[in-house]
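Numbering of ligands and ligand atoms starts at 1, following listing order.
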Amino acid sequence: MANEKKVPFLVIGGGIGGLATALGVAETGREVHLIEKAKEFGEVGAGLQLGPNALAVLDRLGVLESVYANAVIPKRLVLMDAMNGQELTALDLGEEFRNRYKYPYIVLHRSDLHQSLLDACRANPLITLYTNKEVNVVENEGDQARVTCADGSVFIANAVVGADGVRSKTRQLVSNDQPVSSHYVAYRGTIPMAEVKAHLDFDDVIMWIGPNLHLVQYPVRRGELFNQVAVFKSARSLAGEEEWGTPEELDEAFSKCCETVKHAASYMNRDFNWPMYDRDPIANWTSGRVTLLGDAGHAMLQYLAQGGVQALEDVACLTNMLHTHGLDIEIAFQEYQEERIPRSASVQTNARQWGEIIHADDPISILLRNTLFAQHDANDFRYVDWLYGRRYTMIQNQS
Ligand SMILES: Cc1cc2nc3c(=O)[nH]c(=O)nc-3n(C[C@H](O)[C@H](O)[C@H](O)COP(=O)(O)OP(=O)(O)OC[C@H]3O[C@@H](n4cnc5c(N)ncnc54)[C@H](O)[C@@H]3O)c2cc1C
């Protein structure tokens, strides 16, 4: 048919996960096509934190140098009390951290990471990119998959990876579950550094925590911009109201905080907000020639700063499986999910639990938490080894 296109490998979604997947698939020598629903490639939102487990993957994909060019390497991850302004605990990101995990912890503007991946895809002759292609239906058809777009075009592919985000259409092939509301909402944005210099500290990633709210601050784009994310639980959402997470609720939530936090929250752009949804882990991502990656498979709350990082870990694992199993896509997809589902599910559930801890609102929990935090040594990495220490050793073509 005239509007049907046969391709060997198709990626749905041109976010961080999808673009990185295209690079991983191309590394195995395959031709890969990527379709994105937006008119142009791009990222909305502001900053992104990337742990060393993400940088190992970016290194493998050949984009690490360009990512470093726009990033900032912070000195510490710091937890502050949003109510009284006291430091609660910190994790040192200096030499010991770097020696332990082989890569640093970085912060950057998410559009800078996206641009690095996009440039690498555009420079790769095995990768073809399309915009303005919104996928409506994904289905298996014998030993191929059929992907139908809203404009009537159809892709017939030997293999499909759905990297189409938290509201993934691809996921409908394997599950009828829905995104889960956390009742929290985020306001986020960047401000030129010159506008804030007088008030704040720029060497650290700072998370101010308080009952049912938090505020994150760090520099991005070589230190030229200051990124802030203000997050709170919406009473209107809990009450079942349709309109929730409003600027009035933002002001009300942060009005109880210490002056520094109140002042910082007053900078937030009120034009947009992001209601926070995640997904429950599911036991299967794969149907025949189709599998899931990134938020499509394991959307998580952002509290451990791992959603994008886990998408990159997915890419490293999937690429290894494609190297190992060659043309046997179904086995490659099965082994990929066997490895990735338990790992990403544990990050998803831990992110929810960490949210409960940082947002604790009863005095006993807060006292116990703060007492434990105070005993933590900044160079004690035992509690983060499971996150940052995970590596996918690079496997090259074995088929
Ligand atoms: C406030 C906040 C802070 C965060 N901070 C961090 C952090 O510090 N570190 C971190 O690692 N992660 C963080 N995350 C999570 C991270 O942003 C996501 O996990 C990551 O962007 C997921 O990438 P993805 O490519 O899987 O999905 P997405 O970024 O959602 O990309 C999906 C792409 O698919 C396209 N698409 C969707 N549907 C279709 C369709 N039907 N047809 C074609 N294309 C389609 C979309 O347009 C989009 O381009 C944060 C998230 C939030 C909300």
Side-chain angles (χ1 to χ4, degrees), residues 10-22 33-55 57-58 74 77 105-111 113-114 117-118 129-138 147-151 153 155 160-172 179 182 184-189 205 207 214-216 218 220 227-231 268 272-279 292-315 344 347-348 351 387-388:
L10 185 72
V11 178
I12 303 171
I16 289 160
L19 293 175
T21 303
H33 294 244
L34 181 151
I35 51 182
E36 162 59 44
K37 75 174 178 186
K39 287 199 176 65
E40 286 176 20
F41 286 102
E43 269 282 330
V44 286
L48 203 66
Q49 307 177 47
L50 292 179
N53 47 331
L55 298 202
V57 185
L58 296 175
L77 296 178
Y105 194 100
I106 64 167
V107 286
L108 74 173
H109 202 290
R110 58 175 63 224
S111 62
L113 171 62
H114 190 267
L117 292 166
L118 186 60
L129 303 172
Y130 310 76
T131 49
N132 241 334
K133 290 267 172 224
E134 177 168 5
V135 169
N136 271 348
V137 182
V138 182
V147 175
T148 308
C149 299
D151 63 3
S153 58
F155 288 80
V160 173
V161 172
D164 45 347
V166 61
R167 298 188 186 279
S168 168
K169 284 264 171 64
T170 318
R171 189 175 171 112
Q172 292 173 4
S182 66
Y184 278 80
V185 61
Y187 281 75
R188 54 184 174 169
V205 173
M207 187 184 223
H214 74 262
L215 172 85
V216 179
Y218 53 83
V220 294
N227 175 68
Q228 297 202 113
V229 188
V231 176
M268 299 313 307
F272 301 100
N273 63 42
W274 284 264
M276 314 296 334
Y277 289 85
D278 69 353
R279 291 268 192 175
L292 304 177
L293 185 142
D295 277 10
H298 49 65
M300 58 187 68
L301 298 173
Q302 77 275 20
Y303 309 142
L304 293 174
Q306 281 284 318
V309 177
Q310 288 304 306
L312 291 169
E313 280 194 7
D314 291 345
V315 171
S344 56
V347 185
Q348 276 174 296
L387 264 186
Y388 305 143

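- Within the structure, ligand 1 lacks Q310 among the residues with a heavy atom less than 4.0 angstrom away.
- Here the straight-line distance linking atom CG of L118 with atom OG of S111 works out to 11.5 Å at 0.5 Å rounding.
- One distance of note links CD1 of I16 with CG of D295; it measures 9.0 Å at 0.5 Å rounding.
- Listed here is the closest heavy atom pair of P179 and R167: CG-NH1, 3.6 Å.
- Counting all heavy atoms, side chain and backbone alike, K133 lies closest to F155 at CD-CE1, 4.0 Å.
- The closest side-chain heavy-atom distance from V231 to H214 is below 4.5 Å.
- Looking at E36 next to ligand 1, an N or O pair under 3.5 Å apart turns up.
- Distances between N or O atoms of G17 and those of ligand 1 include at least one value under 3.5 Å.
- Atom CE in M207 sits 9.5 Å away from atom CG in L215 (nearest 0.5 Å).
- Below 4.0 Å from some heavy atom of G165 lie the following atoms of ligand 1, by number and element: 27 (O), 30 (O), 32 (C).
- Looking only at heavy atoms of the protein, atom 37 (C) of ligand 1 is closest to D164 O, 3.3 Å.
- Looking only at heavy atoms of the protein, atom 44 (N) of ligand 1 is closest to K37 N, 3.1 Å.
- What sits closest to atom 34 (O) of ligand 1 on the protein, heavy atoms only, is G13 CA, 3.3 Å.
- Here the two rings, on Y218 and Y105, have centers that are 6.0 Å apart or farther.
- Distance check, rounded to the nearest 0.5 Å: CG of N227 to CZ of R188 gives 8.5 Å.
- The backbone N or O of G17 sits less than 3.5 Å from a side-chain atom of T21, completing a donor-acceptor pair.
- The parts of Q49 lying near ligand 1 are both backbone and side chain, judged by heavy-atom distances below 4.0 Å.
- Distances below 4.0 Å separate heavy atoms of R188 from the following atoms of ligand 1: 1 (C), 2 (C), 3 (C), 52 (C), 53 (C).
- At least one heavy atom of K133 sits under 4.0 Å from some atom of ligand 1.
- The shortest N or O to N or O distance between V309 and ligand 1 is below 3.5 Å.
- Annotation for E36 and G15: closest pair OE1-N, 4.3 Å, computed over non-hydrogen atoms.
- In this comparison of E134, R110, K169, Q306, the heavy atom closest to atom 14 (N) of ligand 1 sits on R110.
- The protein atom (non-hydrogen) at minimum distance from atom 29 (O) of ligand 1 is E43 OE2, 3.8 Å.
- Annotation: G308 places an N or O atom under 3.5 Å from an N or O atom of ligand 1; distance criterion only.
- At the top of the distance list for atom 40 (C) of ligand 1, counting protein heavy atoms only, stands V135 N, 3.6 Å.
- Using a 4.0 Å heavy-atom cutoff, M276 is listed among the residues neighbouring ligand 1.
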**Prompt:** After noting the C-alpha distance and the side-chain angles of K169 and I12, does the key distance pass the side-chain contact (heavy atoms from CB on, under 4.5 Å) rule?
**Reply:** CA-CA 9 Å; K169 284 264 171 64; I12 303 171; over 6 Å; no
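- Not a single donor-acceptor pair under 3.5 Å links the side chain of R279 to the backbone N or O of A299.
- The atoms of ligand 1 that sit less than 4.0 Å from any heavy atom of G294 are 26 (O).
- In this structure, T170 and G162 approach most closely via the heavy-atom pair OG1-CA, 3.5 Å.
- Taking distance alone, with nitrogen or oxygen atoms compared against 3.5 Å, A38 stays at or beyond that limit from ligand 1.
- If you number the atoms of ligand 1 from 1 as listed, the ones under 4.0 Å from a heavy atom of I16 come out as 25 (O).
- Residue L48 holds the heavy atom nearest to atom 13 (C) of ligand 1 of all those in L312, V231, L48.
- Heavy atoms of A163 come nearer than 4.0 angstrom to ligand 1 in at least one pair.
- Those atoms of ligand 1 that come under 4.0 Å of a heavy atom in D295, given as number and element, are 18 (C), 19 (O), 22 (C), 26 (O).
- Counting protein heavy atoms only, atom 31 (O) of ligand 1 is closest to G15 CA, 3.7 Å.
- Between the side chains of N53 and E313, at least one donor-acceptor pair of N or O atoms lies under 3.5 Å.
- Residue contacts with ligand 1: A296 is placed with no nitrogen or oxygen under 3.5 Å of a nitrogen or oxygen of the ligand (distance criterion only).
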